[in-house]
Amino acid sequence: MMNAEVNRVERLQKVLAQAGIASRRKCEELIQSGRVKVNGEVITALGHKADPLQDQIEVDGQSIVRENYVYLLFHKPKGVITSVEDPRGRKVVMDYIHGIQERVYPIGRLDYDTEGLLLLTNDGELTYKLLHPSHEFDKTYHATVKGVPSPEKLERLANGIMLKDGMTAPAEVKLLDVLSYGRESVIEITIHEGRNRQVRRMCDAIGHKVSYLKRVKFGFLTLKGVERGAFRRLSAEEVQNLKGN
Ligand code: URA
């Protein structure tokens with residue numbers, strides 16, 4: 001589902017939630033308890049509308065950040081570079097992001113040939129936080145591999161496997177499907193780390209090359225309702241959950 005750029009004038013609780021103050025519900029409580037001012041006037045009515053770029057909005061006397069943060073969940077197709085531009089003229093994720101005025105950037109990356117869930121934002125603080133090893137959310141991938149890995153090999157993947165940049169952390173691994181009478185199979189791998197080409201290298205290391213890879217989950221976020229090549233905005237609640245408050 002593509003989103004056209006929305007009118008900036010929104011109900012005050014939505015403006016506050018989008019600015020990352022708190023969840024929409026908590027923002028309603030802030031307003032009702034008289035802690036929010038718009039252009040110097042205390043506003044307690046939940047129906048009040050405000051423009052985050054034009055109006056002076058304060059919570060407990062502190063001005064809220066006027067920057068309009070945008071958070072997008074994109075269903076990246078295969079054959080697209082996770083980059084804003086490509087000197088070689090290949091397709092990049094920004095070719096798919098229309099109707100958004102702000103300049104957004106991918107949070108982390110998916111390989112050219114990997115498809116699936118990719119987040120984009122202009123919120124540098126959230127990007128930093130989500131990419132930091134101590135905060136990384138679990139990411140779930142469906143990997144189509146050559147042959148059918150034995151239970152022992154799946155256990156090796158799950159326990160940690162030696163790659164050239166060290167042991168991988170424990171992962172959750174499940175055999176999901178066997179295709180073409182065992183010529184291929186689909187495994188689900190959930191990892192916490194985000195090393196370069198990690199899933200492909202893990203599968204290579206057990207002798208089962210990946211022929212198709214898709215990220216189906218990032219933390220609590222899934223691709224539900226988002227067609228390949230389309231994107232949607234995250235809700236204020238989803239942003240709050242990513243931020244961890
Ligand atoms: N692991 C990979 O091998 N590739 C990706 O794009 C993401 C995770």
Side-chain angles (χ1 to χ4, degrees), residues 72-86 88 90-97 104-121 126-149 153-177 179 184-224 226-231 242:
L72 306 178
L73 185 159
F74 174 51
H75 187 159
K76 176 190 170 302
K78 191 176 159 154
V80 175
I81 310 245
T82 304
S83 172
V84 180
E85 53 190 26
D86 179 47
R88 286 164 58 190
R90 290 168 298 181
K91 266 197 178 309
V92 295
V93 293
M94 296 319 295
D95 292 337
Y96 293 83
I97 308 299
V104 292
Y105 299 90
I107 301 182
R109 62 186 294 280
L110 290 177
D111 297 335
Y112 181 71
D113 280 332
T114 301
E115 67 174 56
L117 198 163
L118 183 68
L119 296 175
L120 298 110
T121 187
L126 183 67
T127 301
Y128 175 79
K129 186 178 162 194
L130 292 182
L131 294 180
H132 196 275
S134 67
H135 286 111
E136 279 193 24
F137 279 87
D138 283 345
K139 282 141 301 211
T140 301
Y141 296 86
H142 287 175
T144 304
V145 299
K146 295 271 179 277
V148 184
K153 284 186 171 177
L154 294 178
E155 205 178 316
R156 280 180 61 207
L157 281 187
N159 290 341
I161 197 155
M162 185 54 93
L163 300 179
K164 70 174 188 315
D165 49 1
M167 281 296 276
T168 60
E172 279 173 43
V173 181
K174 248 196 285 191
L175 180 66
L176 284 189
D177 207 358
L179 309 172
E184 288 192 313
S185 57
V186 183
I187 52 181
E188 181 176 274
I189 307 186
T190 300
I191 56 174
H192 190 72
E193 304 168 289
R195 301 195 214 167
N196 192 26
R197 298 179 71 80
Q198 181 166 345
V199 173
R200 291 176 195 276
R201 290 191 291 131
M202 286 170 73
C203 293
D204 269 352
I206 57 159
H208 291 273
K209 196 173 167 49
V210 171
S211 57
Y212 169 78
L213 185 62
K214 179 168 188 162
R215 178 151 76 190
V216 295
K217 261 181 111 178
F218 185 106
F220 56 91
L221 295 167
T222 70
L223 287 167
K224 189 162 174 263
V226 185
E227 302 276 301
R228 187 180 289 124
F231 68 92
L242 285 176

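Atoms within a ligand are numbered from 1 in the order they appear, just like the ligands themselves. Scope of the values below: all heavy atoms of this structure, side chains included, with no hydrogens, waters or symmetry mates. Fair warning: this is a prediction, and the values are worked out from it, not measured in the lab.
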> Which atoms form the tightest heavy-atom contact between Leu117 and Leu110, and what is the distance?
Replying inline: O-CD1, 3.8 Å
>> For the aromatic rings, using the six-membered ring if either is Trp, is the centroid distance between Phe231 and Tyr96 under 6.0 Å?
In response: no
>> I need the atoms of ligand 1 closer than 4.0 Å to a non-hydrogen atom of Thr114, numbered in the order shown.
In response: 4 (N), 5 (C), 6 (O)
>> Is there a side chain to side chain contact (heavy atoms under 4.5 Å, CB included) between Met94 and Glu85? Walk through the geometry before answering.
In response: CA-CA 8 Å; Met94 296 319 295; Glu85 53 190 26; over 6 Å; no
> Do other residues, nucleotides or ligands put more than 12 heavy atoms under 6.0 Å from the OH atom of Tyr212?
Replying inline: yes
> Is it the side chain (CB and beyond), the backbone, both or neither of Val210 that lies under 4.0 Å from ligand 1, heavy atoms counted?
Replying inline: neither
> Considering distance alone, does some N or O of Arg200 sit under 3.5 Å from an N or O of ligand 1?
Replying inline: yes
> Considering only heavy atoms from C-beta outward, does the side chain of Thr168 approach that of Met202 to under 4.5 Å?
Replying inline: yes
> Among all protein non-hydrogen atoms, which one is nearest to atom 6 (O) of ligand 1, and what is the separation to 0.1 Å?
Replying inline: Asp111 N, 2.8 Å
> By number and element, which atoms of ligand 1 are closer than 4.0 Å to a non-hydrogen atom of Tyr141?
Replying inline: 7 (C), 8 (C)
>> Can you report which non-hydrogen protein atom sits closest to atom 1 (N) of ligand 1, along with the distance?
In response: Val199 N, 3.1 Å
